[in-house]
2 protein chains.
Amino acid sequence: MTNPPGSDPLAGAGRPTLRMLAERTGLHMSTVSRALRREPASDPTAELVHRAAAELGYRPDPLAASLRSGKTGAIGMVAHSLTDIAQAMIYEEVDHYVVERGYDVLVASTRDDPGAQRKRVELLLSRRVDGLLIGDAHRDGDYVDWVASLGVPYVLVMRGAEGHPSVTCDDELAGRMVADHLVECGHTRVALLAGPDWSAASHGRAVGFRTRLAELGAPLDDDLVESGGLHAATGRAAMERLLARRRDFTGAFCASDFVAFGATSALAAAGLRLGDDVALVGFNDLQAATSLDLTSVRSPQEEMGRVAAEMLMGAIEGVPAVSRTLAPQLIVRGSTGGPAASALAADVAGAGA
Amino acid sequence: MTNPPGSDPLAGAGRPTLRMLAERTGLHMSTVSRALRREPASDPTAELVHRAAAELGYRPDPLAASLRSGKTGAIGMVAHSLTDIAQAMIYEEVDHYVVERGYDVLVASTRDDPGAQRKRVELLLSRRVDGLLIGDAHRDGDYVDWVASLGVPYVLVMRGAEGHPSVTCDDELAGRMVADHLVECGHTRVALLAGPDWSAASHGRAVGFRTRLAELGAPLDDDLVESGGLHAATGRAAMERLLARRRDFTGAFCASDFVAFGATSALAAAGLRLGDDVALVGFNDLQAATSLDLTSVRSPQEEMGRVAAEMLMGAIEGVPAVSRTLAPQLIVRGSTGGPAASALAADVAGAGA
DNA sequence: GTGAAAGCGCTAACAT
DNA sequence: ATGTTAGCGCTTTCAC
């Protein structure tokens, strides 16, 4: 297995090692190792070594380095699912940020399954990641508390949890903004198609929405609340249940754009027109929201990813992580009577080939 | 760095090692190492060792094992972007398949940038992945040929390339199916909003579409072809350019659903109604397609992911990889005059909290 | 600055 | 089946 002659795509010598570099330069391995980490042009030795490395096509072996040093130069990111564009956007930004700094990201997807969450974190840990980005936190702190107890630097992203460092959107504010907007548009009886309550993000949106509605004198009727998932199918089902029960609401806040898409088809099937009969607000401002002319809240995913990565790398170097909350932005479109066919949203996600 | 007393969350003894297990059981390290890989109940020694391991909370160190054995138990997946739901779905399936078999996935995103492609593959290689899944192949073979030359098992997924093992959707067939459908619906002058030609997937769709139209006696007019990206913004821009030039087409095939979403807003802005004035077909059958009532081609992403992972793991064990092509499926909806508000598509992607 | 020696945790020849 | 002996490629003490 160890360089059987001829099995290596490079020359017969096999993948170049530090020792080979040492022989070639007449220096000692340790000297070479150190010189390699100085700037190429900082001194004659460094330059000599760097040139030799380039000639041999030397690539350091992070495995061996990690084994000895205890640092892997990799962080782990645990996502609930990368098919959630929000998580994918966060990942992309983290990947970009971190790779530029010589780090690497190992991802894991848990589908929000508690068993998988622990298993994947353990896997990441056994690969010795230097820190963890947790994108699948649940509000009941069990999982996150356990992560904290591991003694590894960590930062929550997108979904926060009490007492843990996190980078999130101000979901409660977002909920309030939506309430303000709907009431301003004249809707006094509105519905809520909420996401799972164990997600601090969904929870926060619902709380802000409800609180602000009460403050505005248009309190949310519990009979007009449906809760469930974040998918189009659950959104459709929720809206269907709602419509079977009541038809006297004139607006609704959906936990995500996908839910809004589902709700839209339920409305259409019931002969109700989006915007005219029922005003809808989504969440995430996906590209498709533009086509449906859907009012939506844009939460700053890229920024969350960048800030979380930055914070985690700081934590790895000993800077204590302090939670941050980023501002959401309401994008008004036709589904709440805003200007129809408004300018296209920032082109963040693409797909298909 | 190596277990400074008190810095470890576990007992003062530090993370348990094979040596500690050996001392505790009175066996030799190598014996323990081997016993650990036998079934727990296969013989008395194995049982003894497994129990001791459980008591100590022993977790093998893959780093050390890899360094010695040359196998990491990890595969690398290179994606062009995980914000492409198609790639995310493939990743999710790969992750699931591979983790179940004791492997791990390291992802990398290249945004289709040639520099990043090589850099990330090299990074994955320096982490010593046992094989590569390439999701960002370009039709000009440079990159892929280079990957092949590395001597590491690899499989292309979603986008194929001549002479390389791949798992793809039959994109050409998909293009033909769309042509058949549009012509059957009575459209004889149709447009094409194509994706990038360097993607074998986009290219195949375009070729199939064009070829079949010609066979049906309704050849594609070059003046009705716009090509570009796969995003909503590019789709909108493309449709706007097209409309500025011609208004005599009655149907269009879009490279992806996102493009179709963009095209839809362009149509709306021009006062044209989807389905009535212009029939549209998308690609990927995203959830949002349902809400827009968009006819779309469903390509079997999950299956692609699973088959590709399976093929790669086979290749790692020496089974030669043989390319496979999976069948697409046309989902007819209102945008081509199909039944409006049809049943909701399979609930594959969710999002937002 | 550099060289020497030790060792990270594990697996893979060898013997026995 | 078990013990012995090496050693993966690198970093990190320690001396000088």
Side-chain angles (χ1 to χ4, degrees), chain A residues 1-4 7-8 10 13-39 41-49 53 56-74 102 125-128 130, chain B residues 1-4 7-8 10 13-39 41-50 52-53 56-74 102 125-128 130:
Chain A
M1 208 76 266
T2 316
N3 299 324
S7 84
D8 198 309
L10 298 174
R15 174 173 173 156
T17 70
L18 258 198
R19 159 173 282 129
M20 294 160 85
L21 261 187
E23 274 163 17
R24 194 176 222 264
T25 54
L27 295 165
H28 192 86
M29 272 175 58
S30 55
T31 313
V32 173
S33 168
R34 282 179 295 235
L36 237 27
R37 276 173 303 189
R38 265 177 263 145
E39 284 306 292
S42 66
D43 60 287
T45 313
E47 197 180 324
L48 171 69
V49 171
L56 275 182
Y58 171 77
R59 317 220 18 116
D61 184 336
L63 252 56
S66 308
L67 183 59
R68 183 62 240 234
S69 68
K71 295 201 147 270
T72 48
L125 248 43
S126 75
R127 295 228 173 249
R128 297 268 183 98
D130 296 335
Chain B
M1 211 77 262
T2 316
N3 299 324
S7 85
D8 197 309
L10 297 175
R15 173 172 173 157
T17 70
L18 257 198
R19 160 173 281 129
M20 294 159 88
L21 261 187
E23 273 163 18
R24 193 177 223 263
T25 54
L27 295 165
H28 192 86
M29 274 177 56
S30 56
T31 314
V32 173
S33 170
R34 283 178 295 235
L36 237 27
R37 275 174 302 189
R38 264 178 263 146
E39 284 305 292
S42 66
D43 60 288
T45 312
E47 198 179 324
L48 169 69
V49 171
H50 273 95
L56 275 182
Y58 171 77
R59 318 226 11 122
D61 184 336
L63 250 56
S66 309
L67 182 58
R68 181 61 235 212
S69 68
K71 297 199 146 270
T72 48
L125 248 45
S126 75
R127 295 227 173 249
R128 297 271 182 95
D130 295 336

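Throughout, protein chains are lettered first and strands after them, A, B, ... in sequence-line order, and every chain is numbered starting at 1.
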**Item:** Whole-Å distance separating the CG atom of A:Leu63 from the P atom of C:dG9
**Value:** 14 Å
**Point-to-point distance, once rounded to the nearest 0.5 Å, from OG1 of A:Thr31 to CG of A:Leu18** = 10.5 Å
**Asked** To the nearest Å, how far apart are B:Met29 CE and C:dG7 C1'?
**Response** 12 Å
**Message:** Let's see if you can work this out: which of D:dT5, D:dG7, D:dT11 has an atom nearest to the side-chain heavy atoms of B:His28?
**Reply:** D:dT5
**Prompt:** What integer distance in Å separates A:Leu67:CG from D:dG7:P?
**Reply:** 17 Å
**Asked** Whole-Å distance between C:dT11 C1' and B:Asp61 CG?
**Response** 13 Å
**Message:** From C-beta outward on A:Ser33, which listed nucleotide comes closest to its side chain: D:dT11, D:dT2, D:dC8?
**Reply:** D:dT11
**Backbone N/O of B:Ser66 and side chain of B:Thr72: donor-acceptor pair under 3.5 Å** = no
**Contact under 4.0 Å: B:Arg128 side-chain N or O vs D:dC10 OP1/OP2** = no
**Request:** Please name the pair of heavy atoms, one in A:His28 and one in A:Ala22, separated by the smallest distance, quoted to 0.1 Å.
**Result:** C-CB, 4.0 Å
**Listed nucleotide nearest any side-chain atom of A:Thr31, set D:dG9, C:dG3, D:dT2** = C:dG3
**Proximity to the side chain of B:Arg68 - top-ranked nucleotide from C:dC8, C:dA5, D:dG7** = D:dG7
**Request:** Report yes if some heavy atom in the side chain of A:Val49 is under 4.5 Å from a heavy atom in the side chain of A:Arg34; otherwise report no.
**Result:** no
**Message:** Using the side-chain heavy atoms of A:Thr45, tell me which of these nucleotides is nearest: C:dG9, C:dA5, C:dT2.
**Reply:** C:dT2
**Message:** Could you check whether the side chain of A:Arg19 and the base of D:dG9 have a donor-acceptor pair of N or O atoms closer than 3.5 Å, going by distance alone?
**Reply:** no
**Prompt:** Side chain of B:Leu18: nearest nucleotide among C:dT11, D:dT12, D:dT5?
**Reply:** C:dT11
**Asked** A:Ser126 versus B:Arg15: any side-chain heavy-atom pair under 4.5 Å?
**Response** yes
**Prompt:** Considering only D:dG7, D:dT12, D:dC10, which nucleotide approaches the side chain of A:Arg37 most closely?
**Reply:** D:dT12
**Asked** When we call it a touch if two heavy atoms are under 4.0 Å apart, what does A:Pro62 touch: a base, just sugar-phosphate, or nothing?
**Response** nothing
Short N/O separations, protein against nucleotides 14-16 of chain D, under 3.5 angstrom:
none

**Message:** What is the separation between atom CG on A:Leu36 and atom P on C:dT2, rounded to the nearest whole Å?
**Reply:** 13 Å
**Asked** Any sub-3.5 Å donor-acceptor pair from A:Ser33's side-chain atoms to A:Met29's backbone N or O?
**Response** no
**Request:** Keeping the roles fixed (side chain from A:Thr25, backbone from A:Leu21), state whether a donor-acceptor pair exists under 3.5 Å.
**Result:** yes
**Item:** Inter-end axis angle, the helix from C:dG1-D:dC16 to C:dT16-D:dA1, with every axis fitted to five base pairs (rounded, 10 degrees)
**Value:** 30°
**Prompt:** With respect to the side chain of B:Ser69, which nucleotide from C:dA5, D:dT2, C:dA12 is positioned closest?
**Reply:** C:dA12
**Message:** So A:Leu48 and A:Leu27, do their side chains get closer than 4.5 Å, heavy atoms only?
**Reply:** yes
